[in-house]
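Just follow the structure's listing: the first ligand is 1, and inside any ligand the first atom is 1. The figures that follow rest on heavy atoms only: side chains count, while hydrogens, waters and symmetry mates do not. Residues take their numbers from the sequence shown, with the count starting at 1.
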Amino acid sequence: MRMLLPTPAERVDPADAYAVPGPHRRHLRVNMVSSLDGAAAVSGRVGVLTGPADQELLHLLRSLADVVLVGAGTVRAEGYGALEVDDDIRRRRMAAGQLPEPRLAILTHSIGLDLAGPVFAEGHNRPILVTARDAPADRVDQAREVADVVVAGEQEVDLGTALETLAAEGLPRIHSEGGPHVLAGLIAADLVDELCLTLSPTVTCGDEPRITAGPALQPPRGLTLTQVLEEDDFLFLRYVRRHGGDS
Ligand SMILES: NC(=O)c1ccc[n+]([C@@H]2O[C@H](COP(=O)([O-])OP(=O)(O)OC[C@H]3O[C@@H](n4cnc5c(N)ncnc54)[C@H](OP(=O)(O)O)[C@@H]3O)[C@@H](O)[C@H]2O)c1
């Protein structure tokens with residue numbers, strides 16, 4: 001990857017460019033991909049928007065995190081399996097005091113997930129289901145057989161409480177892959193420290209969803225651009241929380 005901003009360079013190591021803070025404080029980074037005209041999925045999947053460099057970055061960002069947080073809608077649409085990392089990354093994580101693989105935390109109210117599916121059957125770690133107190137009790141009981149269950153909030157997950165709970169359980173570096181409902185909720189609750197947006201060199205037209213799906217923010221949130229990388233015509237934009245005001 002080459003760096004366009006802040007310091008132009010023909011080759012950078014993304015692991016340096018995307019280093020995360022130490023475990024002393026909670027940090028939430030969200031990674032999403034969009035077409036040039038704002039589509040976040042095509043026919044319900046991300047597939048045509050992504051590419052090798054984007055996938056490589058996604059796997060790097062996962063590998064740096066303590067936990068990968070994702071909405072159940074994305075797990076269902078994209079057919080998530082267990083998170084895998086290679087041996088080098090496993091060694092590096094262990095040397096840094098992290099679990100060998102990041103945990104996977106899934107936000108769900110309905111617990112409408114295949115509890116016998118690969119997410120639950122294949123991983124080295126039990127997934128974490130983050131749900132609300134009034135989630136269907138029978139589904140919660142079934143989920144406890146295959147996952148750790150975190151209850152945060154009454155009728156829907158209180159996202160701030162959910163992140164606090166993950167951090168308190170030793171998982172402060174949180175990487176979220178959305179999807180749009182989750183990102184909208186996290187932004188509205190002012191929980192996003194960093195938004196990594198991949199701009200895919202693709203135009204879709206049509207009526208595809210955006211990277212957020214939620215009520216309009218009044219006023220809109222402003223973010224600060226800190227880094228731009230490029231490879232294969234994809235732009236990798238790194239925005240961070242704007243200090244000293246929302247707009
Ligand atoms: N462009 C990108 O980078 C990107 C990234 C991810 C996904 N996508 C695309 O986005 C689409 C899926 O969109 P989506 O908005 O449905 O996905 P989503 O945001 O991943 O999932 C929404 C679901 O997550 C659960 N949820 C979210 N917030 C919650 C809360 N506060 N409390 C309780 N449960 C909560 C609910 O699950 P239950 O229904 O189980 O209760 C809700 O239906 C797919 O087409 C996917 O390909 C695109």
Side-chain angles (χ1 to χ4, degrees), residues 28-51 53-55 57-59 61-62 68-80 104-115 117 119-120 127-140 142-143 147 149-166 174-192 194-202 204 206-215 234-239:
L28 172 64
R29 170 189 272 166
V30 186
N31 182 225
M32 303 288 285
V33 61
S34 165
S35 73
L36 294 177
D37 55 341
V42 175
S43 306
R45 297 288 296 268
V46 169
V48 300
L49 301 176
T50 187
D54 181 50
Q55 285 296 300
L57 178 61
L58 177 77
H59 288 286
L61 298 184
R62 283 180 178 178
V68 173
L69 176 70
V70 64
T74 296
V75 171
R76 290 188 286 261
E78 298 290 340
Y80 267 51
L104 177 65
I106 304 171
L107 282 163
T108 176
H109 185 217
S110 68
I111 322 221
L113 293 158
D114 176 8
L115 298 174
V119 166
F120 299 97
I128 302 167
L129 288 189
V130 186
T131 193
R133 198 163 306 283
D134 73 347
D138 56 332
R139 293 296 290 164
V140 174
Q142 289 162 18
V149 175
V150 166
V151 176
E154 297 298 322
Q155 278 126 33
E156 63 173 23
V157 171
D158 179 304
L159 295 169
T161 305
L163 299 194
E164 268 170 34
T165 305
L166 292 174
I174 304 164
H175 163 76
S176 179
E177 300 175 359
H181 282 93
V182 170
L183 177 58
L186 292 170
I187 296 256
D190 204 17
L191 294 168
V192 177
E194 187 174 326
L195 175 61
C196 294
L197 177 64
T198 298
L199 212 46
S200 169
T202 318
T204 71
D207 197 16
E208 301 293 357
R210 298 156 55 186
I211 62 166
T212 56
F234 284 74
L235 284 180
F236 301 94
L237 312 173
R238 187 179 183 189
Y239 287 90

Taken to the nearest 0.5 Å, the spacing of I187 CD1 from I211 CD1 works out to 7.5 Å
A student checking ligand 1 against M32 at a 4.0 Å heavy-atom cut-off should list atoms 2 (C), 3 (O), 4 (C), 5 (C)
For R45, the ligand 1 atoms with a heavy-atom partner under 4.0 Å come out as 47 (O)
One finds that the ligand 1 atoms under 4.0 Å from a non-hydrogen atom of S110 are 38 (P), 39 (O), 40 (O), 41 (O)
When rounded to the nearest 0.5 Å, the distance separating CG of L186 from OG1 of T212 is 11.5 Å
In ligand 1, the atoms that come under 4.0 Å of a heavy atom of A40 are 1 (N), 2 (C), 4 (C), 48 (C)
Applying a strict 4.0 Å limit to heavy atoms, is L107 in contact with ligand 1? yes
### 4.0 Å heavy-atom contact, G44 with ligand 1
yes
Atoms of ligand 1 under 4.0 Å from any heavy atom of V33, numbered from 1 in the order shown, are 1 (N), 2 (C), 3 (O)
Between the CE atom in M32 and the CG atom in L237, the distance rounded to the nearest 0.5 Å is 13.5 Å
| query | With only distance considered, is E156 within less than 3.5 Å of ligand 1 through an N or O on each side? | reply | no
- Item | Heteroatom distance test (L49, ligand 1): nitrogen or oxygen, under 3.5 angstrom | no
When rounded to the nearest 0.5 Å, the distance separating CG of L199 from OG of S35 is 8.0 Å
Discussion item. Has R45 got a side-chain atom pairing as donor or acceptor with A77's backbone, closer than 3.5 angstrom?
Written reply: yes
Worksheet entry | G73, any N or O under 3.5 Å of ligand 1 N or O | yes
Among G179, G178, P180, closest by heavy atom to atom 11 (C) of ligand 1 is P180
One should read off an interatomic distance between E156 CD and T131 OG1, to the nearest 0.5 angstrom, of 11.0 Å
Quick look: Q155 vs ligand 1, heavy-atom contacts under 4.0 Å, and the answer is neither
Closest to atom 15 (O) of ligand 1 by heavy-atom distance, out of R210, R76, H181, is H181
Under-4.0 Å protein heavy-atom contact, atom 33 (C) of ligand 1
yes
Interatomic distance, OH@Y80 vs CD1@I106, rounded to 0.5 Å, equals 9.5 Å
Discussion item. What I want to know is whether H109 and ligand 1 share at least one N or O pair that is separated by under 3.5 angstrom.
Written reply: yes
Checking heavy atoms under 4.0 Å, the part of A77 that sits near ligand 1 is side chain
Contact region, A72 to ligand 1, non-hydrogen atoms below 4.0 Å, reads both
With heavy atoms and a 4.0 Å threshold, my read on which part of E78 contacts ligand 1 is side chain
Please examine the side chains of L61 and R29, heavy atoms only from C-beta on, and report whether any two atoms are closer than 4.5 Å. yes
* Return yes when at least one protein heavy atom is under 4.0 Å from atom 42 (C) of ligand 1, and no when none is. => no
Check: of T108, V70, D158, V30, min heavy-atom distance to atom 40 (O) of ligand 1 comes from T108
If we number the atoms of ligand 1 from 1 as shown, the ones under 4.0 Å from a heavy atom of A41 are 45 (O)
Numbered in order shown, the ligand 1 atoms found under 4.0 Å of a heavy atom of E177 are 5 (C), 6 (C)
